[in-house]
Asker: 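Just dropping this structure here.
Remember, it's 1-based here, ligands and their atoms both numbered in the order they're listed. Quick caveat: nothing in here was measured; it's all calculated off a predicted structure.
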Amino acid sequence: ADCTKCGLCQNRKKTVFGVGDEKAKWLFVGEGPGRNEDMQGEPFVGPAGKLLDSMLAAMGLRRGGNAYIANIVKCRPTGADGRDRPPMPEEVAACMPYLDRQIALIQPAIIVALGKTAALSLLKLDPDTPVSKLRGSIHHYASLPLVVTYHPAYLLRSPADKRKTWADLCLAMNTYAGHSP
Ligand code: URA
């Protein structure tokens with residue numbers, strides 16, 4: 001909470017570290033806090049969070065029950081206009097050691113990357129890689145399987161892609177269960 005490694009510390013109300021079972025087998029990683037999260041200090045508490053909770057429920061999981069939810073950056077990124085924006089590469093680089101340490105401590109069995117920022121940051125890929133190219137196969141963070149799907153905020157804007165997200169979550173569940181997809 002007293003981190004000053006990047007400029008995001010200047011406007012934050014609260015750091016948003018993560019929420020859930022610290023021994024969870026499932027780790028869900030988003031991009032960064034928005035307005036609601038910045039005020040409450042908890043990830044995914046706004047409208048996108050409601051959708052994430054429904055996704056978890058459909059998988060037989062829940063916040064705090066075998067699932068941990070974190071973000072790539074722990075403080076809310078906003079533009080000069082005060083609106084949410086994706087974190088910049090230097091902000092991701094400054095914050096990534098916290099997430100690396102969280103993953104080392106939690107020791108999840110599988111990671112679900114929610115959207116482009118999470119996928120590209122965890123997999124250290126070129127910023128031009130589209131999420132659509134990363135879906136449908138198992139990636140790895142260290143030796144952990146990692147599945148990429150759409151960010152819930154994107155799904156609120158493009159509900160037709162919820163079907164594809166369910167396929168991604170089924171791929172993740174099959175992988176977790178030890179079946180080859
Ligand atoms: N979007 C994210 O990526 N993370 C949050 O915590 C909230 C919205």
Asker: Between Asp38 and Lys14, is there a side-chain N and carboxylate O pair less than 4.0 Å apart?
Answerer: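 So Asp38 does not pair with Lys14 through a salt bridge.
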
Asker: I'd like to know if Glu37 and Lys13 make a salt bridge, using a cut-off of under 4.0 Å between side-chain N and carboxylate O.
Answerer: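 Salt bridge absent between Glu37 and Lys13.
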
Asker: If the threshold is 4.0 Å, N to carboxylate O, is there a salt bridge linking Glu31 and Lys116?
Answerer: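 Looking at Glu31 and Lys116, the cut-off is not met.
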
Asker: Within 45 degrees of the ring normal and closer than 6.0 Å to the centroid, is that where the cationic atom of Lys5 sits relative to Tyr98?
Answerer: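 Output yes; distance and angle both within limits.
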
Asker: Could you list each N/O atom of ligand 1 together with any protein N/O atom closer than 3.5 Å, one pair per line with the distance?
Answerer:
from: ligand 1; atom 1: 1 (N); to: His151; atom 2: NE2; distance (Å): 3.3
from: ligand 1; atom 1: 3 (O); to: Glu31; atom 2: N; distance (Å): 2.7
from: ligand 1; atom 1: 3 (O); to: Gly32; atom 2: N; distance (Å): 3.3
from: ligand 1; atom 1: 3 (O); to: His151; atom 2: NE2; distance (Å): 2.7
from: ligand 1; atom 1: 4 (N); to: Gly32; atom 2: O; distance (Å): 3.0
from: ligand 1; atom 1: 4 (N); to: Asn71; atom 2: OD1; distance (Å): 2.8
from: ligand 1; atom 1: 4 (N); to: Asn71; atom 2: ND2; distance (Å): 3.4
from: ligand 1; atom 1: 6 (O); to: Phe44; atom 2: N; distance (Å): 2.9
from: ligand 1; atom 1: 6 (O); to: Asn71; atom 2: ND2; distance (Å): 2.8

Asker: Determine, stepwise, if the pair Tyr68 / Trp26 fulfils ring-ring contact (aromatic ring centres under 6.0 Å, His included).
Answerer: CA-CA 6 Å; Tyr68 193 91; Trp26 286 86; over 10 Å; no

Asker: Within the structure provided, determine whether Leu114 and Phe28 are in side-chain contact (heavy-atom separation under 4.5 Å).
Answerer: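 Yes, side chains in contact.
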
